[in-house]
Protein chains: 2
Amino acid sequence: MATHKKEEFTQKEQDLAAFAKALAHPARIAILKVLAQQNECICGQIVDVLPLAQSTVSQHLKELKNAGLINGTIDGPRSCYCINWKAFEKFMGEFAFLFNKLKVQNTKGLLLKTNNKKRRLY
Amino acid sequence: MATHKKEEFTQKEQDLAAFAKALAHPARIAILKVLAQQNECICGQIVDVLPLAQSTVSQHLKELKNAGLINGTIDGPRSCYCINWKAFEKFMGEFAFLFNKLKVQNTKGLLLKTNNKKRRLY
DNA sequence: ATCTTATATCGCAAATATACGATTAAATAA
DNA sequence: TTATTTAATCGTATATTTGCGATATAAGAT
């Protein structure tokens, strides 16, 4: 059964996965793109440029907000969103760090062991 | 209904989302970490360090392979996996480009318009 | 040829995600 | 006050993901 095993991984692994998950839908990528270009947007503007219903866009915005990637302010009857660049940099940095660090180790590994047996690609 | 609207977004948006989706599970983050540290691993080594059944790990490996993030070679009765750094750099680069570019535009936007109305955070 | 080892795949159950219309809520306009 | 505008939330249907045991497959060992 799909009994969440997610807790059995490290916090950092879970955090990175959660960040990636927030980006794992084209609609949310598109929303972030719009927000970045416009600096800030009200919900309606985003609804106008996406091929989705208002309720669906609202849901995607909620997910982005829950993941901490965007901030929302209430402006009268409107909701104004903008990218949380700080959070973004934090996660991108963690990713870069993770994979830069690993790449160095990887290079080292390449030098140390070269057990290139006959092996066919698939 | 959940009738996929994904096709209605740009190819680049879909590609980035697909890349993110491949990273959107702690097990897959953990697998990539192990692969990067060891340079290459046979499936069994990964199964040993993850809190998941062999069939589940195999599935996660398949997803990473389908996303193009890892390569697999058959070594006798074993399967040997390694990270596809090229693909990784491509996607990380695209992300960095997307958000660097947008950040510049964002900064410009900040200078141009500063309609800071009273607005409460939520 | 049979047994063992290593891994992929199948089939299924449970959990999540996606999408939308309808409704609610809250601020402003008439 | 009532109507309108804007966005969040609810309820629901469907699709996808996650996870595992069982089975299949394929190479090696006995």
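Within every chain, numbering begins at 1; the chains are lettered A, B, ... in the order of the sequence lines, protein sequences first and strands thereafter.
Of all non-hydrogen atoms in A:Pro26 and B:Lys6, the two that sit nearest each other are CG-CG, 4.0 Å.
Ranking D:dA7, D:dT5, D:dG28 by closeness to the A:Cys43 side chain, first place goes to D:dA7. The side chain of A:Ser58 approaches D:dA7 more closely than any other nucleotide in the set D:dA7, D:dG28, C:dT28.
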Can you name the atoms? Protein N/O to nucleotides 21-25 of chain C N/O, anything below 3.5 Å, with the distance.
residue, atom, partner, partner atom, Å
C:dG21, N7, A:Ser55, OG, 3.3
C:dG21, O6, A:Ser55, OG, 3.3

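Partners of A:Gln59 according to the side-chain contact (heavy atoms from CB on, under 4.5 Å) rule, which considers only residues two or more places apart in sequence or in another chain, do not exist here. Take B:Phe9 and apply the ring pair (Phe, Tyr, Trp, His ring centres under 6.0 Å) test, not counting sequence neighbours, and it matches no residue.
Put simply, CD1 on A:Ile74 is 9 Å from C1' on D:dA7, counting in whole angstrom units. With rounding to whole Å, A:Asn66 atom CG is found 14 Å from C:dA17 atom C1'. When the P atom of C:dT7 is taken as reference, atom CD of B:Glu63 falls 19 Å away, rounded to whole Å. Here D:dA7 presents its P atom at 10 Å from CG of A:Leu61, a figure rounded to the nearest Å. Here the P atom of nucleotide C:dA8 and the CG atom of B:Asp75 are 12 Å apart, to the nearest Å. Rounding to whole angstrom units, CG of residue B:Leu50 and P of C:dT7 are separated by 13 Å. B:Gln14 has its CD atom 14 Å from the P atom of C:dT18, to the nearest Å. In this entry the distance linking CD1 of B:Ile46 with P of C:dA8 reads 9 Å, nearest Å.
Counting only residues at least two apart or on different chains, the ring pair (Phe, Tyr, Trp, His ring centres under 6.0 Å) pairs with a member in residues 43-78 of chain A are A:His25-A:His60. Listed by first then second residue, pairs satisfying ring pair (Phe, Tyr, Trp, His ring centres under 6.0 Å) with a partner in residues 26-46 of chain B number zero, not counting sequence neighbours. Residue pairs meeting the ring pair (Phe, Tyr, Trp, His ring centres under 6.0 Å) criterion with at least one member in residues 26-45 of chain A: none, sequence neighbours excluded.
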Are B:Met92 and A:Phe95 close enough, and set up right, to give a side chain to side chain contact (heavy atoms under 4.5 Å, CB included), and what steps lead you there? CA-CA 9 Å; B:Met92 289 303 262; A:Phe95 253 120; 3.6 Å; yes
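Between A:Lys62 and the phosphate of D:dA7, there is no side-chain N or O to OP1/OP2 separation shorter than 4.0 Å. Listed pair A:Lys21 / D:dT17 fails the phosphate criterion, with no side-chain N or O lying under 4.0 Å from OP1 or OP2. Distances shown here put every side-chain N or O of A:His60 at or beyond 4.0 Å from the OP1 or OP2 atom of C:dA17. Checking the phosphate oxygens (OP1, OP2) of C:dT18, a side-chain nitrogen or oxygen of A:Arg28 falls inside 4.0 Å. The side chain of A:Tyr81 places no N or O atom within less than 4.0 Å of a non-bridging phosphate oxygen (OP1 or OP2) of D:dT6. Considering only side-chain N and O atoms, B:His4 lies nowhere under 4.0 angstrom from the phosphate OP1 or OP2 of D:dT14. In this structure, A:Ser79 does not reach the D:dT6 phosphate: none of its side-chain N or O atoms is under 4.0 Å from OP1 or OP2.
The distance from the CZ atom of B:Phe88 to the CG atom of B:Leu32 is 5.0 Å, given to the nearest 0.5 Å.
Across all strands shown, A:Leu52 has heavy atoms under 4.0 Å from sugar-phosphate atoms exclusively, and none from any base.
Where A:Lys6 and A:Pro51 each meet DNA chain C at their nearest nucleotide, the meeting point lying more 5' is that of A:Lys6. Where A:Ile42 and B:Ala27 meet DNA chain D, the nucleotide closest to each residue was compared, and A:Ile42 sits on the side nearer the 5' end.
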